[in-house]
Every structure is written in C-alpha cells, then in structure tokens.
Amino acid sequence: MGQFPAYRPRRLRQSAVLRRLVSETQLSAEHLVLPLFVRNGRRVRRPIAAMPGVFQLSPDELVRQAAHAHQAGVPAVLLFGIPDTKDDRASGDYAPKGIVQTAVRLLKRELPRLLVITDVCLCEYMAHGHCGIVRRTQAGVRILNDPTLKLLARTAASHVEAGADVVAPSDMMDGRVRAIRQQLDKLGFTETPILSYAAKFASAFYGPFREAAESAPKFGDRRSYQMDPPNAAEALREVALDLQEGADMVMVKPALAYLDIIYRVKTQFGYPTAAYAVSAEHAMIKAAATNGWIDERAVTLESLLAMRRAGADILITYAAAEAARWLKPG
C-alpha cells in the first residue's frame, strides 16, 4: 500500500468519467426483477395502500405493467397470485386454470422475451394463511412439513406446464427443493431452474406484503418455519441444503438488513445469489421521499448498489421499472 503524500486516493475521484472507470461494483437494469401481484378480472388496478405505486393487477393490466417495465430494460418479473377463493389444501395454487397459470400463459404469449419467475408458496391460497398444511391438536397448531411438500411440488409443476421459466419456492419447508426438482425432472422439465428462497427470515419488514398478497396468517405467526433473524450460520446451512437438493440459484430475504448474509452466502458458495428488497424497504423509501426527507432516486439506487456490493447478482425490487429508467445512460 502506498502512503501519503505519494499515494492520494482522491486522484481517482476527480471526475465522473474517472470514477466510473475505476468503479468496483456495477449496477444495471440487467440485474433487476420486478415483483407483480395478479388477480382475476379485467382492467383491475387495485392500489396497495402500504406500498405506493404497487397494485393488484388483473391479467390484462399485468401484461401492460410488465411490458412497460420490459421496455424500460427490466428482464424479468416475479409473479404472486391472489385467488378468488381459499381452502385448507391451497387447491387454487395448482389448478390448471389458476390465476398464476393463466397469467403465465398470457405473459409468455404477449412478451415471449420476458423471463417469468413464479413464487411457489401456499399461503395466499390457504384459508388460514400459513405456508403449509395445518394440523390442530389439543396441544396447539402444527404446520406439517412433509405432507406440504407434495402440494409445493404439484404447484411448481403446474407453473412450469403453463410456461414459467423459473420457479421460486418461498415456503421454507425442509426438503421442498428436492421435492420440486424430482417432480420437474419426472415430468421432463429437467432444464427448468429453481431459484430457492434459501435464507428467508421471519422479518418485521414483510408487513405491507401481507396486504398486497392478502396472505396474513389467521392465527400465530411463521416463526416455526421462517428463519430466526439472529442466526447467520444457520442461514449458510439452509443454503447448503438447498444447493444439495438441486437449487440453481439462492435468495436472501429481506435484503438491506441482511447484507452480511448476502455477502457470506456469495463468498462461501459462489452460486447466483438474489436479494429481495421487500415491501417495508420499498414503503419506507416511498414515505420518506413523499415527505421530502430523502431523494428517492438517489436512495433507491444506493440501496440496490449496496446489495450488489454485498454480492447479489439478482435484485428483486418493487422499484425495478423506475430504477431501470434511472440507470439508462444519458
């Protein structure tokens, strides 16, 4: 290492061109994924009060929103479905004409170059709002792991049969990646990648999402299956398990409060790693910007850059379309 005065770090900060030339971390639209919420109907754009600029969309509006984002440079979307009815077996999740399956077919027909990722979970489709089958006993309520795996595998297969390019299990049941991989391979979908929510923490940052996806649990919470926030080493074990079971990409969720996890996952495993900038991260930036306390563009891009610097290859963010436009040269 050089020493002052011979070495002056400021020499390489003298102009925007020079700063870009020596930039260690690149942020571009190619890294972005836009989450979208789809429900039945036509011309439906139902705003999410806690998530400004985010809507529940009917399939026709979904295509319009996805097209605008794609034109701005966003290469991929992540779909969440909101069914008309729910039950205790999440039957709408794997129905051939379910809302996600319908939306996937339409997107692939209208926007064939758009990468379509589907969230694979049961909570939006369960009457009780949990991510697995529930058993009630005198001792309390249990979320059953192994019986849930069959429903998750069936759901993932139905999404791929409809045309999904990537499936992303988010339930945090043990063994779900293996169950999904085996089911996809059995049906001949050996080339379909799995993006696993490998390190998904039981976070307070998910609050606004529950409104958007209409998926709040009717009782209890999700701490018996989502990860405990204090645990970093456990997150690495979770990632290792999912990779052993056949995950092609892994995700850390939430993003900003878990940059250390993103860094450790990328450093230790080297697999493609996604960071999910979740609903409260979006809501807080929007609220502060609305009040004039921050520069929304600057804070959003700096937040995404931090995720990239920590090691994330894929940035899932509700601000994907805006960020893509902001990142365009000129």
Side-chain angles (χ1 to χ4, degrees), residues 32-48 51 53-72 74-87 90-126 131 151-171 180 183-184 187 189 192-195 197 209-215 251 274 276 279 314 316-321 324:
L32 301 173
V33 177
L34 176 65
L36 292 170
F37 300 93
V38 61
R39 65 178 308 128
N40 283 315
R42 284 188 57 80
R43 298 183 180 178
V44 175
R45 290 181 63 86
R46 185 176 298 178
I48 310 302
M51 298 174 67
V54 180
F55 302 84
Q56 292 180 351
L57 303 166
S58 54
D60 56 321
E61 291 292 334
L62 179 84
V63 170
R64 186 174 291 110
Q65 189 98 353
H68 289 160
H70 197 41
Q71 289 164 7
V74 178
V77 295
L78 173 61
L79 293 187
F80 297 89
I82 301 151
D84 292 332
T85 59
K86 307 185 181 194
D87 56 38
S91 59
D93 208 358
Y94 41 85
K97 295 184 179 180
I99 183 57
V100 166
Q101 291 82 351
T102 299
V104 168
R105 292 187 188 97
L106 188 58
L107 283 172
K108 296 309 296 182
R109 187 183 74 201
E110 300 296 327
L111 301 167
R113 298 180 65 183
L114 178 72
L115 188 79
V116 177
I117 309 169
T118 58
D119 179 82
V120 177
C121 196
L122 307 178
C123 58
E124 298 102 318
Y125 301 83
M126 288 288 201
C131 300
L151 300 186
L152 293 168
R154 187 174 177 183
T155 297
S158 74
H159 290 180
V160 177
E161 287 169 341
D165 298 297
V166 180
V167 289
S170 63
D171 54 285
I180 291 170
Q183 181 69 7
L184 294 181
L187 296 174
F189 299 116
T192 301
I194 297 174
L195 166 58
Y197 288 67
F209 176 91
R210 306 280 165 80
E211 176 189 348
E214 299 181 8
S215 62
M251 185 192 303
Y276 196 144
S279 57
I314 302 162
I316 303 171
T317 170
Y318 300 98

Out of curiosity, [X] [atom1] to [Y] [atom2], how far, rounded to the nearest 0.5 Å?
| X | Y | atom1 | atom2 | answer |
| --- | --- | --- | --- | --- |
| Leu107 | Thr102 | CG | OG1 | 11.0 Å |
| Ile316 | Leu34 | CD1 | CG | 10.5 Å |
| Ile194 | Ile117 | CD1 | CD1 | 13.0 Å |
| Glu110 | Arg64 | CD | CZ | 11.0 Å |
| Leu151 | Tyr125 | CG | OH | 13.0 Å |

Quiz item: Could Lys86 and Glu124 be called an ion pair, given the rule that one side-chain N must be under 4.0 Å from one carboxylate O?
Solution: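 Looking at Glu124 together with Lys86, the answer is no, because their closest N to O distance does not fall below 4.0 Å.
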Exercise. Output, in order, the C-alpha distance, side-chain angles, deciding distance and verdict of salt bridge (charged side-chain N to carboxylate O under 4.0 Å, His left out) for Asp93 and Arg154.
Key: CA-CA 9 Å; Asp93 208 358; Arg154 187 174 177 183; over 6 Å; no
Self-check item: Any side-chain heavy-atom pair of Pro193 and Val166 under 4.5 Å
Solution: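 Answer yes - side chains close enough.
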Practice problem: Begin with the C-alpha distance, continue with both residues' side-chain angles, and end with the deciding distance and a verdict on side chain to side chain donor-acceptor pair (under 3.5 Å) for Gln56 and Arg45. | Solution: CA-CA 6 Å; Gln56 292 180 351; Arg45 290 181 63 86; over 6 Å; no
Quiz prompt | side-chain contact (heavy atoms from CB on, under 4.5 Å) evaluation trace for Glu161 with Phe189 | solution = CA-CA 9 Å; Glu161 287 169 341; Phe189 299 116; 3.7 Å; yes
Exercise. Verify side-chain contact (heavy atoms from CB on, under 4.5 Å) between Leu122 and Cys131, making sure each step is shown before the conclusion.
Key: CA-CA 5 Å; Leu122 307 178; Cys131 300; 5.5 Å; no
Practice problem: Decide yes or no on side chain to side chain donor-acceptor pair (under 3.5 Å) for Asp119 and Tyr197, but give the supporting numbers first. | Solution: CA-CA 9 Å; Asp119 179 82; Tyr197 288 67; 2.9 Å; yes
Quiz item: Relative to the ring of Phe80, is the ring of Phe209 parallel (under 30°), tilted (30 to 60°) or perpendicular (over 60°)?
Solution: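 The rings of Phe209 and Phe80 stand perpendicular, inter-plane angle above 60°.
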